There are 2 protein chains.
Amino acid sequence: MKLDGILPFARILMSKALTDGDIAIDATLGNGHDSVYMAKLVGQAGIVYGFDIQEAAILSSQSRLKENNLLDRVVLFKKGHEHISELVPPVHHGKIKASIFNLGYLPGGNKSVVTKPDTTISAIRQLLEIMAPEGIIILVVYHGHPEGAVERDELLHYLEGLEQASAHVLKYQFINQANNPPFIVAVEKRA
Amino acid sequence: MKLDGILPFARILMSKALTDGDIAIDATLGNGHDSVYMAKLVGQAGIVYGFDIQEAAILSSQSRLKENNLLDRVVLFKKGHEHISELVPPVHHGKIKASIFNLGYLPGGNKSVVTKPDTTISAIRQLLEIMAPEGIIILVVYHGHPEGAVERDELLHYLEGLEQASAHVLKYQFINQANNPPFIVAVEKRA
């Protein structure tokens, strides 16, 4: 396949956005894969702040980061991403270059614990405030579960309404696939 | 801007799809910019077949290709892209690696001459037959003119219905912009 699939495209966006010494946010730790990826991109001088409300996600991320010797540059919060502004130290406000969300449930975890449109949108609003100009928010939208369609629609309604002067909002989606595969929306804060 | 805009993304797709010695198709010559770009990618051993129904487009493309010393590797047809199968020599069927369409009217030309859904879809069907596996069709959809919305809707209806086993169909679109800016649909033929 020559076209980039959804997960490869998410990684391309992270690589475009992050370099040595940068600040990044993993808004939904899940099993820690994105934190590992971003921690490598930001290097020893960078920091990744990771958020998740589930103990299982914190533990799984912690052990994956440890295996990769990256735990020193990642700060984990067992808190929802609606607390980003409050928990990311003020000294790093204005310096965040990338943030990623995997919307839906924890893979391999409790499928009844899912991200919610209100807290997702609240986190995006906060990020648009405290990111650096040209900072990118990557949203990987899983919408196959029952609440997924509601979150997707509320989220898209909000994102389509973002002022053109304040952000670029890009949707990247395969449109001929069955079973509601995930798609990406990337939001770039304008300078 | 870190996210790739529509025209840069079209060029990224052409670069991914084409290399030295390849066969490519410019399905809507317009002012010849894409033919120049693809002719450089396919090199001296490659060929670009260009189609346009307007004399002005043929002349403008011809002179742009000449300026760039690329006229020897581009074959221009003053014919619509619904004649692709018939006009691309049989020896090159199965070898086409990329094709690009700019849907709408000729920039700077007669705005009443526009691409039409029937002929656009007929050309895509033909390309899916005669392209190489992993060949990519890039559709840059301008839909701000009166007939543009109709073409867009018929085209998307057709593309969303393409068998998942026969093609990947990717939509790349900025979703918070005013005035119906163009978007891209890329179709990759599956092996």
Side-chain angles (χ1 to χ4, degrees), chain A residues 1-6 8-10 12-19 22 97-98 124 128 131-139 141 152-153 155-181 183-191, chain B residues 1-6 8-10 12-19 22 97-98 124 128 131-139 141 152-153 155-181 183-191:
Chain A
M1 181 168 172
K2 290 232 172 120
L3 297 173
D4 295 305
I6 293 303
F9 188 66
I12 288 169
L13 293 176
M14 288 187 260
S15 312
K16 264 181 191 281
L18 292 174
T19 185
D22 279 345
K97 296 287 183 65
I124 296 169
L128 285 172
M131 281 198 307
E134 299 199 309
I136 296 180
I137 306 170
I138 303 153
L139 302 147
V141 185
R152 174 197 66 208
D153 293 344
L155 183 66
L156 285 176
H157 178 75
Y158 165 70
L159 295 171
E160 286 165 358
L162 277 180
E163 275 287 341
Q164 198 172 338
S166 69
H168 304 286
V169 182
L170 171 69
K171 191 173 177 201
Y172 186 96
Q173 181 173 31
F174 289 88
I175 59 173
N176 70 326
Q177 299 180 344
N179 302 320
N180 306 306
F183 62 89
I184 284 180
V185 184
V187 182
E188 177 177 335
K189 179 175 177 167
R190 293 185 72 162
Chain B
M1 181 172 175
K2 290 232 172 119
L3 297 174
D4 295 305
I6 293 302
F9 188 66
I12 288 169
L13 293 176
M14 286 188 263
S15 311
K16 264 182 191 280
L18 292 174
T19 185
D22 279 346
K97 296 288 183 64
I124 297 169
L128 285 172
M131 280 197 308
E134 297 198 311
I136 296 180
I137 305 169
I138 303 154
L139 301 147
V141 185
R152 175 197 67 209
D153 294 345
L155 183 66
L156 286 175
H157 178 77
Y158 165 70
L159 294 170
E160 286 166 358
L162 276 179
E163 275 288 340
Q164 197 172 340
S166 68
H168 304 286
V169 182
L170 171 68
K171 191 174 177 198
Y172 186 95
Q173 180 171 32
F174 289 89
I175 60 173
N176 70 325
Q177 299 181 344
N179 302 321
N180 307 304
F183 62 88
I184 284 179
V185 185
V187 182
E188 178 176 333
K189 179 175 177 167
R190 295 186 69 163

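Values reported hereafter were calculated over all heavy atoms of this structure, with side chains retained and with hydrogens, waters and symmetry mates removed. Here the structure is a predicted model, which means the values were calculated and not measured. Labels below follow one simple rule: chain letters A, B, ... track the order of the sequence lines, proteins then strands, and each chain is numbered from 1.
- In terms of non-hydrogen atom pairs under 4.5 Å with chain B, the most contact-rich of A:Ile175, A:Val185, A:Asp4, A:Ile12 is A:Ile175.
- By the ring-ring contact (aromatic ring centres under 6.0 Å, His included) test, A:Tyr172 is found to be paired with A:Phe9, residues two or more places apart in sequence or in another chain being considered.
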What's the verdict on side-chain contact (heavy atoms from CB on, under 4.5 Å) for B:Met131 and B:Ile137, showing C-alpha distance, side-chain angles and the deciding distance? CA-CA 9 Å; B:Met131 280 197 308; B:Ile137 305 169; 3.5 Å; yes

Donor-acceptor contacts under 3.5 Å from residues 157-165 of chain B side chains, at least two apart:
from, atom 1, to, atom 2, distance (Å)
B:Gln164, OE1, A:Ala178, N, 3.0

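- Interface residue B:Leu13: only side-chain heavy atoms are found under 4.5 Å from chain A.
- Between A:Ala191 and A:Pro133 the shortest heavy-atom distance is CA-CB, 3.7 Å.
- When heavy atoms are compared at a cutoff of 4.5 Å, B:Ile136 approaches chain A solely by way of its side chain, counted from C-beta outward.
- Considering only heavy atoms from C-beta on, B:Val187 stays 4.5 Å or farther from A:Asn176 through its side chain.
- Put simply, of B:Arg190, B:Lys171, B:Glu188, the one with the most heavy-atom pairs under 4.5 Å next to chain A is B:Glu188.
- When A:Ile184, A:Val169, A:Leu156 are compared by the number of non-hydrogen pairs under 4.5 Å with chain B, A:Val169 comes out ahead.
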